[in-house]
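Since the structure comes first, as C-alpha cells, the remarks are kept for the end.
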Amino acid sequence: LFFTPKALIHDMAGFLCLCSYLSSLIFVCWMPLSIPSHSWAQILLLIRCLRPLRIFILVPDMRKVVYELFKGFKEIILVSILLLVLIFIFASFGVQMFAGKLQKCNDSTIKTREECVGVFERKVFVAKFIRLEVGEGEEYPAMLVPRV
C-alpha cells in the first residue's frame with residue numbers, strides 16, 4: 001500500500017484514488033435517507049465528486065493536453081483582447097463613415113428628413129402576409145408611433 005514498488009499511495013493521485021474509494025465505500029454502507037447541508041454525508045459526496053480527476057492517472061496524454069491548454073490561456077486571452085480592439089476600431093470607423101447616411105423615416109408617406117417629426121398611426125397586423133377581412137364600418141387595430 002505504501003512502500004512497495006507499485007504502491008497505491010506513491011503520489012497525490014494515489015491518495016486521491018484511495019480517498020475516493022473509501023468515501024464511496026462509507027457512503028454505500030451508510031446510505032443516509034436525507035442529506036442536510038454542512039453534514040458529513042455532504043462532505044462524502046463532495047469527495048466523491050473528485051473521482052473524475054483520476055483520468056489524469058489513467059491517461060497520461062490527457063494530462064499533457066490539459067497542461068498545454070492551461071499554458072495556452074495567456075495567448076488565447078491576448079488574441080481575444082486584440083480581436084476586441086479591432087472590432088472597436090472598425091465599429092468606430094463605420095459609425096464615422098456611415099453616420100446619418102442610412103437614416104430612413106419609419107412613416108412611408110414621408111419623403112424628406114425634415115418632415116419626419118411627430119407621431120403617426122400605424123395599423124397592427126398579426127403577420128405581414130395574413131390580411132384579415134374587415135367588416136363594414138370596422139378598421140384594423142392601430143396605434144400611435146413616433147416618427148424617427
Side-chain angles (χ1 to χ4, degrees), residues 1-108 110 116-135 138-148:
L1 188 67
F2 288 107
F3 302 112
T4 60
K6 293 190 175 191
L8 177 63
I9 305 178
H10 67 280
D11 60 353
M12 192 62 187
F15 179 72
L16 181 66
C17 275
L18 185 67
C19 285
S20 174
Y21 290 137
L22 287 177
S23 67
S24 296
L25 181 69
I26 292 169
F27 194 80
V28 165
C29 292
W30 181 16
M31 287 300 268
L33 294 175
S34 67
I35 301 172
S37 61
H38 305 294
S39 65
W40 287 106
Q42 189 178 28
I43 293 172
L44 285 175
L45 287 175
L46 287 174
I47 293 172
R48 286 178 62 195
C49 287
L50 298 175
R51 283 189 296 175
L53 293 178
R54 291 183 306 162
I55 193 138
F56 294 115
I57 303 162
L58 300 174
V59 183
D61 292 334
M62 180 67 78
R63 189 180 309 166
K64 291 178 188 174
V65 168
V66 172
Y67 285 153
E68 291 299 321
L69 183 67
F70 281 126
K71 282 200 294 191
F73 272 144
K74 179 181 175 187
E75 287 80 15
I76 292 171
I77 289 174
L78 289 175
V79 168
S80 300
I81 291 171
L82 176 67
L83 180 68
L84 287 173
V85 168
L86 288 175
I87 287 174
F88 179 74
I89 289 171
F90 282 106
S92 298
F93 179 70
V95 166
Q96 293 300 319
M97 197 165 104
F98 297 113
K101 294 181 181 173
L102 301 175
Q103 293 177 349
K104 181 183 173 190
C105 190
N106 59 351
D107 187 359
S108 59
I110 302 295
C116 192
V117 291
V119 294
F120 72 102
E121 194 173 87
R122 172 166 281 179
K123 293 180 181 170
V124 180
F125 300 104
V126 176
K128 289 191 180 228
F129 59 88
I130 298 176
R131 299 289 181 181
L132 299 174
E133 296 299 323
V134 199
E138 294 180 357
E139 292 183 5
Y140 286 108
M143 59 189 240
L144 286 178
V145 178
R147 288 187 181 109
V148 261

Worksheet entry | Residues that Cys19 engages under disulfide (SG to SG under 2.5 Å), provided they are two or more places apart |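 If we apply the disulfide (SG to SG under 2.5 Å) test to Cys19, skipping adjacent residues, there are no hits.
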Practice prompt. Under the disulfide (SG to SG under 2.5 Å) rule, collect the residues that match up with Cys17, sequence neighbours excluded.
Written response: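 Cys17 satisfies disulfide (SG to SG under 2.5 Å) with no residue once adjacent residues are dropped.
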Enumerate, atom names and distances included, each donor-acceptor pair closer than 3.5 Å involving a side-chain atom of residues 60-75, sequence neighbours excluded.
{"from": "Arg63", "atom 1": "NE", "to": "Phe56", "atom 2": "O", "distance (Å)": "3.4"}
{"from": "Arg63", "atom 1": "NH2", "to": "Phe56", "atom 2": "O", "distance (Å)": "2.6"}
{"from": "Glu68", "atom 1": "OE2", "to": "Lys71", "atom 2": "NZ", "distance (Å)": "3.3"}

Worksheet item: So which pairs with a foot in residues 27-96 pass disulfide bond (SG atoms under 2.5 Å apart), sequence neighbours left out?
Response: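 Disulfide bond (SG atoms under 2.5 Å apart) check on residues 27-96 returns no pairs.
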Item to complete: Only counting residues at least two apart or in another chain, list the ones meeting side-chain contact (heavy atoms from CB on, under 4.5 Å) with Leu45.
Response: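 Phe27, Ile35, Arg48.
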Practice prompt. List for me each residue that meets side-chain contact (heavy atoms from CB on, under 4.5 Å) alongside Val145, sequence neighbours excluded, and say none if there are none.
Written response: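 Expected list: Asn106, Phe120, Arg122, Met143.
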Worksheet item: Which pair of heavy atoms, one from Ile110 and one from Cys105, lies closest together, and at what distance?
Response: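 That closest heavy-atom pairing would be CB-SG, 4.1 Å.
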Worksheet item: side-chain hydrogen bond (donor to acceptor under 3.5 Å, both in side chains) with Glu121: which residues, sequence neighbours excluded?
Response: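 Residues passing side-chain hydrogen bond (donor to acceptor under 3.5 Å, both in side chains) with Glu121: none at all.
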Using residues 79-93 as the side-chain source, report each donor-acceptor pair under 3.5 Å to any protein atom, sequence neighbours left out, with the distance given to one decimal.
{"from": "Ser80", "atom 1": "OG", "to": "Ile76", "atom 2": "O", "distance (Å)": "2.9"}
{"from": "Ser92", "atom 1": "OG", "to": "Phe88", "atom 2": "O", "distance (Å)": "3.0"}

Practice prompt. Quick one: which residue pairs count as a side-chain hydrogen bond (donor to acceptor under 3.5 Å, both in side chains) with a foot in residues 19-41, not counting sequence neighbours?
Written response: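 Residue pairs with at least one partner in residues 19-41: Tyr21-Arg54.
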